[in-house]
Amino acid sequence: MTATAIRRKLKGYIDAISDKNLETVRPILSYMAETSAASDPLIIETDLTDEEHALIEEGMREYERDPSSFTDWEDVKREAGLI
């Protein structure tokens with residue numbers, strides 16, 4: 001698949017995401033865009049254990065219940081002196 005076709009497909013996914021869930025993908029897309037020129041490629045885990053999947057799912061449920069209990073990615077970067 002060409003880069004153009006991949007971009008088109010990704011844009012379609014973004015268009016399909018509900019307004020409520022758009023904020024959940026913004027941090028990773030922002031991070032990936034900001035670091036796209038970096039020499040180290042982004043590593044995405046694809047072989048998670050059942051326990052790791054369960055932890056992620058619980059975190060997503062908690063975010064759904066109370067998003068204000070999570071730290072914004074921009075704040076994390078600011079505290080680390082990255083911005």
Side-chain angles (χ1 to χ4, degrees):
M1 187 176 285
T2 67
T4 301
I6 293 170
R7 287 178 190 281
R8 192 174 306 122
K9 191 158 192 77
L10 291 173
K11 288 175 183 175
Y13 292 148
I14 290 170
D15 289 342
I17 295 171
S18 70
D19 290 348
K20 180 175 134 184
N21 288 323
L22 278 175
E23 185 59 28
T24 61
V25 297
R26 185 185 59 80
I28 191 161
L29 291 176
S30 172
Y31 175 79
M32 292 172 76
E34 291 169 9
T35 61
S36 65
S39 60
D40 294 333
L42 179 66
I43 297 172
I44 298 177
E45 293 289 337
T46 58
D47 58 347
L48 300 175
T49 65
D50 289 342
E51 182 181 7
E52 290 167 326
H53 280 286
L55 288 168
I56 292 168
E57 289 172 17
E58 176 54 33
M60 292 170 67
R61 284 191 297 272
E62 178 60 28
Y63 183 82
E64 185 75 25
R65 286 190 295 270
D66 184 15
S68 66
S69 68
F70 284 71
T71 303
D72 185 74
W73 181 240
E74 296 299 316
D75 292 339
V76 171
K77 291 190 299 184
R78 195 171 293 107
E79 289 172 11
L82 300 174
I83 57 172

Test log, rule side-chain hydrogen bond (donor to acceptor under 3.5 Å, both in side chains), inputs Thr24 and Asn21: CA-CA 5 Å; Thr24 61; Asn21 288 323; 4.7 Å; no
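Hydrophobic clustering (ILVMFWY, side-chain heavy atoms < 4.5 Å, transitive): Leu55 and Met60 are in distinct clusters. By the criterion of side-chain heavy atoms lying less than 4.5 angstrom apart, applied directly or through intervening Ile, Leu, Val, Met, Phe, Trp or Tyr residues, Val25 is not grouped with Ile56; the two fall into different hydrophobic clusters. If you chain together hydrophobic residues whose side chains sit under 4.5 Å apart, Ile17 and Leu29 fall into the same group.
Salt-bridge check for Arg61 with Glu58: passed, with a basic side-chain N closer than 4.0 Å to an acidic carboxylate O. Under 4.0 Å is where a charged nitrogen must lie from a carboxylate oxygen, and between Asp72 and Arg26 at least one such pair does.
Residue Asp50 places its CG atom among 12 or fewer non-hydrogen atoms of other residues, nucleotides or ligands, all under 6.0 Å distant. For CZ of Arg65, the number of neighbouring non-hydrogen atoms (other residues, nucleotides, ligands) closer than 6.0 Å is greater than 12.
Atom CD in Glu45 sits 5.5 Å away from atom CG in Asp47 (nearest 0.5 Å). For the atom pair OG1 (Thr4) and CZ (Arg8), the distance works out to 6.5 Å, reported to the nearest 0.5 Å.
The two residues Ile14 and Leu22 make their nearest non-hydrogen contact at O-CD2, 4.0 Å. Nearest heavy-atom pair, Trp73 versus Pro27, reported as atom, atom and distance to 0.1 Å: CB-CB, 3.8 Å. Nearest heavy-atom pair, Asp75 versus Thr71, reported as atom, atom and distance to 0.1 Å: CB-CG2, 4.0 Å.
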